[in-house]
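By convention in this document, chain letters (A, B, ...) are assigned in the order of the sequence lines, proteins followed by strands, and residues within each chain are numbered from 1.
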Amino acid sequence: MTLQIYNTLSRKKEPFEPLEAGKVSMYVCGPTVYADAHIGHAMSSLVFDVVRRYLEYCGYQVRHVMNYTDVDDKIIQRANHEGRDSLELAQEYIDAYNRHIEDLNILPANVFPKATEEIDQIVEMTARLMDDGFAYSVDGDVYYRVERKDDYGKLSGRKLADMQAGSRVGVDERKEHPMDFALWKSAKEGEPSWETPWGAGRPGWHIECSAMALHHLGPQIDIHGGGNDLVFPHHENEIAQTESLTGKPFARYWMHNGMLQLSGEKMSKSIGNLVTINDFLKEHEADVLRILVLNSSYRSPLSYNDEVLEAATRGLERLRSGLRPALPGAQGAAPALAKALDERTAASKEGFIAAMDDDFNTSSAMAELFDLVRRINQARDESAKDEDLKPAQTLLLELSGLLGLNLAHQVETEIDPADLIAIFEEMRAKLGDAESSQALGVDVGSEDAIRAILKLREKFREAKQWAASDEIRDRLAALGVLVEDNAQGSSWRWG
RNA sequence: GGCGACGUGGCCAAGUGGUAAGGCAAGGGUCUGCAAAACCCUCAUCACGGGUUCGAAUCCCGUCGUCGCCUCCA
């Protein structure tokens with residue numbers, strides 16, 4: 001079984017075969033940078049990050065391009081409103097998005113082109129489209145002639161005739177056909193503009209992606225991705241422009257992710273029902289968002305609410321539980337158990353790959369990981385030693401890592417050392433056993449202090465002084481340190 | 001109005017012809033001084049109606065409902 005990818009163009013899954021063996025060119029539409037990015041944007045970047053990671057895991061050398069649209073109506077509008085330069089404003093949000101990419105553990109694209117840095121290519125492309133009769137200029141605006149492309153509408157499944165009838169847009173009378181779209185917009189007062197043979201102006205939205213793809217990846221690319229709200233008109237128009245120019249099919253596989261839904265509606269800037277990436281990361285780990293995305297099909301709408309968020313948070317904890325070491329008194333796994341775990345490990349890997357090969361079925365792939373975790377924990381409960389668990393845990397790390405999860409990552413809670421010292425001193429006094437422990441210095445590390453406190457707690461427990469023992473546990477919990485007791489002693493972890 | 005997608009247990013969500021993965025929540029149990037964690041057990045016949053088939057959540061028709069696109073949008 002080889003990798004199958006659902007192609008929006010054909011509306012079915014197709015075996016993945018890149019143009020050039022062993023190499024994949026992938027272009028993903030990035031955000032228009034005029035406001036804080038929200039987790040819907042993050043979802044899209046996460047989806048294609050997983051696609052890229054899996055392709056690389058399959059041995060492909062991936063060239064990944066993601067653009068930033070840094071000149072457009074809304075950017076200009078906002079910049080003018082704030083009385084500042086639009087390019088500067090855009091750059092600010094580009095920097096912010098680059099930080100988000102890092103914070104979310106998304107592999108950076110090989111190239112992050114910006115529209116304003118590709119003007120030469122855009123102008124050249126527009127000129128050639130005019131020369132070849134695919135475009136015409138009116139008063140400095142340049143429009144693409146949709147009737148020149150026989151298969152216009154093939155991606156979104158629309159016909160020009162239908163679109164005319166249903167058009168809600170006020171039609172510009174200067175256009176030859178109502179659906180003709182702008183390649184170039186003539187300069188207006190207070191807007192950035194560039195000189196061209198047909199007059200000063202700025203690029204339309206769709207042309208930049210065509211120009212960048214052509215420039216950085218060539219006339220034909222393997223995968224073109226983006227949110228499914230871009231299918232029409234954006235990607236439809238990209239196809240028209242590019243194919244008119246090159247005479248070749250533009251992208252082999254068109255992949256579109258579903259929209260993130262908040263309270264039953266698409267999360268978007270215009271509706272205002274959004275959670276920014278910044279706000280999300282203030283409250284949650286990046287992996288929580290990733291699990292949220294991985295838990296369902298990338299093509300379907302993704303529900304976002306408190307319950308789902310809680311489920312993802314707990315799910316992450318659960319995955320991490322698989323990495324915990326053997327129990328203190330472990331005797332070693334019985335041969336049958338060790339064999340079963342090894343077999344399960346091999347089966348998990350197979351199942352995982354089969355799931356991912358099926359159009360990146362991440363929710364099935366996740367199910368394999370959860371199953372693997374259960375087997376590991378089972379074995380641990382049945383006295384398996386670290387060496388017994390190791391292969392399965394290694395696979396868990398490998399596969400979760402390939403999805404971009406960082407299970408080994410420990411979130412250390414910021415603790416004021418004074419808080420720990422206070423607990424220690426108080427409890428030491430209560431124990432009335434000063435000889436047993438040294439006083440803690442102010443320079444002691446958090447982990448040292450926690451261990452020292454737990455030693456005291458062990459004495460309380462030996463003396464069956466449960467009230468004091470519980471108090472310590474509660475106070476540490478309040479600081480973000482989870483203490484867990486079991487038959488062989490106590491352990492703790494950040495939580 | 002046009003195009004498209006979808007409707008699976010309390011929530012989220014796989015599965016597209018052979019009798020329902022997984023996560024969270026919930027209930028019961030093991031362990032534990034207690035708690036937590038972990039482990040074990042329990043928990044759906046797939047919006048509704050009709051049809052095709054030996055057999056359908058899965059195919060076809062209809063009804064209801066939801067969402068997306070048709071305007072900037074990941």
On the nucleotide B:rA38, are OP1 or OP2 found under 4.0 Å from the side-chain N or O atoms that A:Q378 carries? no
Would you indicate what A:N377 reaches in the nucleic acid, counting non-hydrogen atoms under 4.0 angstrom: base, sugar-phosphate, or nothing? sugar-phosphate
Are A:F181 and A:H206 close enough that their ring centers fall under 6.0 Å? yes
Distance from A:S86 atom OG to A:I76 atom CD1, nearest 0.5 Å? 5.5 Å
Does a side-chain N or O of A:R318 approach OP1 or OP2 of B:rA25 to a distance below 4.0 Å, or not? no
Which part of the nucleic acid, if any, lies within reach of A:S363 when heavy atoms closer than 4.0 Å are counted: base, sugar-phosphate only, or nothing? base
Do A:R318 and A:F370 meet the cation-pi criteria used here (NZ or CZ under 6.0 Å from the six-membered ring centre, within 45° of the axis)? no
Nucleotides 15-17 of chain B: which of its N/O atoms have a protein N/O under 3.5 Å away?
| from | atom 1 | to | atom 2 | distance (Å) |
| --- | --- | --- | --- | --- |
| B:rG15 | OP1 | A:N361 | ND2 | 3.2 |

Quiz item: A:N228 side-chain donor-acceptor pair to B:rG4 base, under 3.5 Å: no
Describe the nucleic acid contact of A:V231 in one word from base, sugar-phosphate, nothing, applying a heavy-atom distance below 4.0 Å. nothing
Within the 4.0 Å heavy-atom criterion, would you say A:E368 contacts the bases, only the backbone, or no part of the nucleic acid? nothing
Measure from the ring centre of A:F370 to the centre of the six-membered ring in the base of B:rG23, then say whether that distance is under 5.5 Å and the planes meet at under 30°. no
Run the salt-bridge test on A:R52 and A:D49 with the 4.0 Å N-O cut-off and return the result as yes or no. no
For A:G40, which contact category applies under a 4.0 Å heavy-atom criterion: base, sugar-phosphate, or nothing? base
When the side chains of residues 302-310 of chain A are checked against the rest of the protein, which donor-acceptor pairs come out under 3.5 Å, sequence neighbours left out?
| from | atom 1 | to | atom 2 | distance (Å) |
| --- | --- | --- | --- | --- |
| A:N305 | OD1 | A:E307 | N | 3.0 |
| A:N305 | OD1 | A:V308 | N | 2.8 |

Re B:rU45: Watson-Crick or G-U wobble partner, both distances kept under 3.5 Å, found to be none
Partner nucleotide of B:rA38 by Watson-Crick or wobble geometry (both distances under 3.5 Å): B:rU30
Are A:H256 and A:H235 near enough that their ring centres are under 6.0 Å apart? yes
Between the base of B:rC69 and the side chain of A:R158, is there a donor and acceptor pair under 3.5 angstrom? yes
Please state whether the phosphate of B:rC40, meaning OP1 or OP2, lies under 4.0 angstrom from any side-chain nitrogen or oxygen of A:R374. yes
Scan A:V483 against the nucleic acid and name what it touches under 4.0 Å (heavy atoms): base, sugar-phosphate only, or nothing. base
Using both distances under 3.5 Å as the test, list the Watson-Crick or G-U wobble partner of B:rC6, or none. B:rG65
Is any N or O donor-acceptor pair between the side chain of A:D72 and the base of B:rC72 shorter than 3.5 Å? no
Just call it for A:M366: base, sugar-phosphate, or nothing, with non-hydrogen atoms closer than 4.0 Å on any strand. nothing
Considering every strand and a 4.0 Å limit on heavy-atom distances, what is the contact class for A:H38: base, sugar-phosphate, or nothing? base
Base, sugar-phosphate or nothing for A:R473? Non-hydrogen atoms, less than 4.0 Å. base
